[in-house]
Amino acid sequence: MTTRTVPTRYGRYVALGDSQTEGVGDGDDLTGLRGWADRLAEHLARANPRLEYANLAVRGKLARQIRAQQLDPALALRPDFATVVAGMNDLLRPTFDADEVIEHVEAMFAALTAQGTAVATLTFPDVARVIPITRPIRGRITAFNARVRAAAERHGVLIAEVGHHPVVADPRLWSPDRLHCSPLGHERIADAFAHALGLPGSNDTWTLPLIPALPDRGIVGMALAEVNWVATALVPWAMHRLQGKSSGDRRVPKRPHPLPVGDVISS
């Protein structure tokens with residue numbers, strides 16, 4: 001983790017990213033999405049009740065799209081704190097180019113920190129522990145995390161080391177599609193950022209296993225769960241990819257303008 005002194009009071013927070021930052025898996029389009037970034041904004045607002053918060057994230061976006069569509073608007077908002085989480089949608093694609101993705105991520109780090117913004121990011125978990133068929137790409141994730149750490153070190157970006165803790169593989173932290181966090185998963189990520197930032201009242205309890213532990217489902221139960229997941233989540237996702245569609249098509253950021261956190265969360 002990058003070690004640096006960070007303030008615990010920020011006046012404006014802007015979040016850049018894809019579906020996880022948007023909050024998919026924590027709420028829905030009818031009731032509204034919450035997500036870890038909203039939850040982190042609440043943590044920050046405890047230190048500064050006048051905090052303003054904007055969320056520019058849109059689901060389905062690749063790193064190059066996040067840079068092209070969200071970086072300039074974020075810079076124009078002149079935040080003193082920002083989170084940048086990008087690259088998971090790239091990692092899941094057969095055309096993944098690590099050099100290209102890291103270049104886009106690092107460009108966002110550089111532009112924001114050059115403007116005086118404090119920036120934080122996170123490491124990705126080994127998705128093969130949640131989706132066994134993704135084992136062939138687990139090496140990509142390890143290497144990508146290492147390169148994100150190096151880029152973060154070059155630009156003084158803080159890292160929430162989420163990826164390596166065993167608890168991230170607990171199914172209760174994931175929505176049924178296994179691609180997005182559940183409300184509890186989003187809560188744990190927000191707590192991880194708060195802990196990395198050293199916010200008042202934060203601690204490392206987000207790393208602890210959930211209690212009680214899940215019962216062993218047995219081979220048959222696990223096989224049935226895999227069949228159900230393939231039918232309800234993998235096949236629809238693959239069909240969208242084959243058709244060249246993205247879940248973010250025709251979507252706009254949910255919080256494009258900075259608002260007081262109380263107004264944002266209650267809206």
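Throughout, residue positions are numbered sequentially from 1 according to the sequence presented.
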- Decide side chain to side chain contact (heavy atoms under 4.5 Å, CB included) for E153 and I159; before the verdict, give the C-alpha distance in whole Å, the side-chain angles of both, and the deciding distance to 0.1 Å. CA-CA 9 Å; E153 187 65 33; I159 298 181; over 6 Å; no
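- In terms of hydrophobic clustering, with Ile, Leu, Val, Met, Phe, Trp and Tyr side chains grouped at heavy-atom distances under 4.5 Å, L184 and L122 are assigned to a common cluster.
- Considering only heavy atoms from C-beta on, L210 comes within 4.5 Å of R188 through its side chain.
- Of the listed residues (H186, E187, E42), just one forms a side-chain hydrogen bond (donor to acceptor under 3.5 Å, both in side chains) with R34, and that residue is E42.
- Under the 4.5 Å side-chain heavy-atom criterion for grouping Ile, Leu, Val, Met, Phe, Trp and Tyr, V85 is not connected to V24 through any hydrophobic cluster.
- In terms of hydrophobic clustering, with Ile, Leu, Val, Met, Phe, Trp and Tyr side chains grouped at heavy-atom distances under 4.5 Å, V168 and V148 are assigned to a common cluster.
- Judged purely by atom type and a 3.5 angstrom limit, Y53 uses its side chain to pair as donor or acceptor with the backbone of D38.
- The neighbour count for R172 CZ, taken as heavy atoms of other residues, nucleotides or ligands under 6.0 Å away, is above 12.
- Using a 4.0 Å cut-off between charged side-chain N and carboxylate O, R59 and D29 make a salt bridge.
- Contact record, L199 with H43: CD1-CB, 3.8 Å, taken as the closest heavy-atom pair.
- Checking side-chain atoms of W174 against main-chain N and O of G185 turns up no donor-acceptor pair under 3.5 Å.
- The backbone N or O of F124 sits less than 3.5 Å from a side-chain atom of N145, completing a donor-acceptor pair.
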- Please assess V252 against V58 for the test side chain to side chain contact (heavy atoms under 4.5 Å, CB included), listing each intermediate value before the final yes or no. CA-CA 7 Å; V252 297; V58 176; 5.9 Å; no
- Query: Taking it one step at a time, do D80 and R9 satisfy salt bridge (Lys or Arg N to Asp or Glu O under 4.0 Å)?
  - Reply: CA-CA 10 Å; D80 50 6; R9 289 175 61 89; over 6 Å; no
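- Closest non-hydrogen pair, A111 versus L75, comes out as O-CD2, 3.6 Å.
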- Query: Does the pair W206 and V167 meet the rule for a side chain to side chain contact (heavy atoms under 4.5 Å, CB included), with working shown?
  - Reply: CA-CA 9 Å; W206 64 271; V167 71; 5.6 Å; no
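- No donor-acceptor distance shorter than 3.5 angstrom exists from the side chain of D90 to the backbone of L62, with no hydrogens or angles considered.
- The hydrophobic cluster containing F193 does not contain L33, counting ILVMFWY residues as joined when their side-chain heavy atoms lie under 4.5 angstrom apart, directly or transitively.
- L40 is listed as a side-chain neighbour of F81, based on a closest heavy-atom distance under 4.5 Å.
- Both L158 and L16 are part of a single hydrophobic cluster, where members link through side-chain heavy atoms under 4.5 Å apart.
- A distance-only check finds a donor-acceptor pair linking the side chain of T113 to the backbone of F109 [under 3.5 Å].
- With N55 contributing its side chain and R255 its backbone, the two residues share no donor-acceptor pair below 3.5 Å.
- Put simply, CZ on R138 and CG on D126 are 4.0 Å apart, with the number rounded to the nearest 0.5 Å.
- Nearest heavy atom pair, residue A57 against residue D18, reads CB-O, 3.5 Å.
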- Item | Verdict with reasoning, V157 to E106, per side chain to side chain contact (heavy atoms under 4.5 Å, CB included) | CA-CA 10 Å; V157 170; E106 184 158 8; over 6 Å; no
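- Between the CD atom of Q69 and the CZ atom of R67 there is a distance of 13.0 Å, given to the nearest 0.5 Å.
- A distance-only check finds a donor-acceptor pair linking the side chain of T117 to the backbone of P79 [under 3.5 Å].
- Note that the CG atom of L51 and the CZ atom of R12 stand 9.5 Å from one another [nearest 0.5 Å].
- A distance of 13.0 Å separates CD in E52 from CG in L44, rounded to the nearest 0.5 Å.
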- Message: Please determine whether side chain to side chain donor-acceptor pair (under 3.5 Å) holds for the pair H180 and D26, giving the CA-CA distance in whole Å, both sets of side-chain angles, and the decisive distance to 0.1 Å.
- Response: CA-CA 9 Å; H180 301 100; D26 189 4; over 6 Å; no
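- Judged by distance alone, with hydrogens and angles left aside, the side-chain atoms of T123 form a donor-acceptor pair with the main-chain N or O of G163 at under 3.5 Å.
- Using a 4.5 Å heavy-atom threshold, the side chains of M88 and L91 count as touching.
- Smallest separation of non-hydrogen atoms from R39 and A190: CB-CB, 3.5 Å.
- Looking at every heavy atom in both residues, P183 comes nearest to G25 through CD-O, 3.2 Å.
- V105 and A86 make their closest contact through CG2-O, 4.0 Å (heavy atoms, listed as atom of the first residue, atom of the second, distance).
- Although no hydrogens or angles enter the test, the distance criterion places no donor-acceptor pair under 3.5 Å between the side chain of E161 and the main chain of A192.
- Here OG of S202 is found 8.5 Å from CG of D191. Values are rounded to the nearest 0.5 Å.
- Here the straight-line distance linking atom CZ of R64 with atom CG of D97 works out to 11.5 Å at 0.5 Å rounding.
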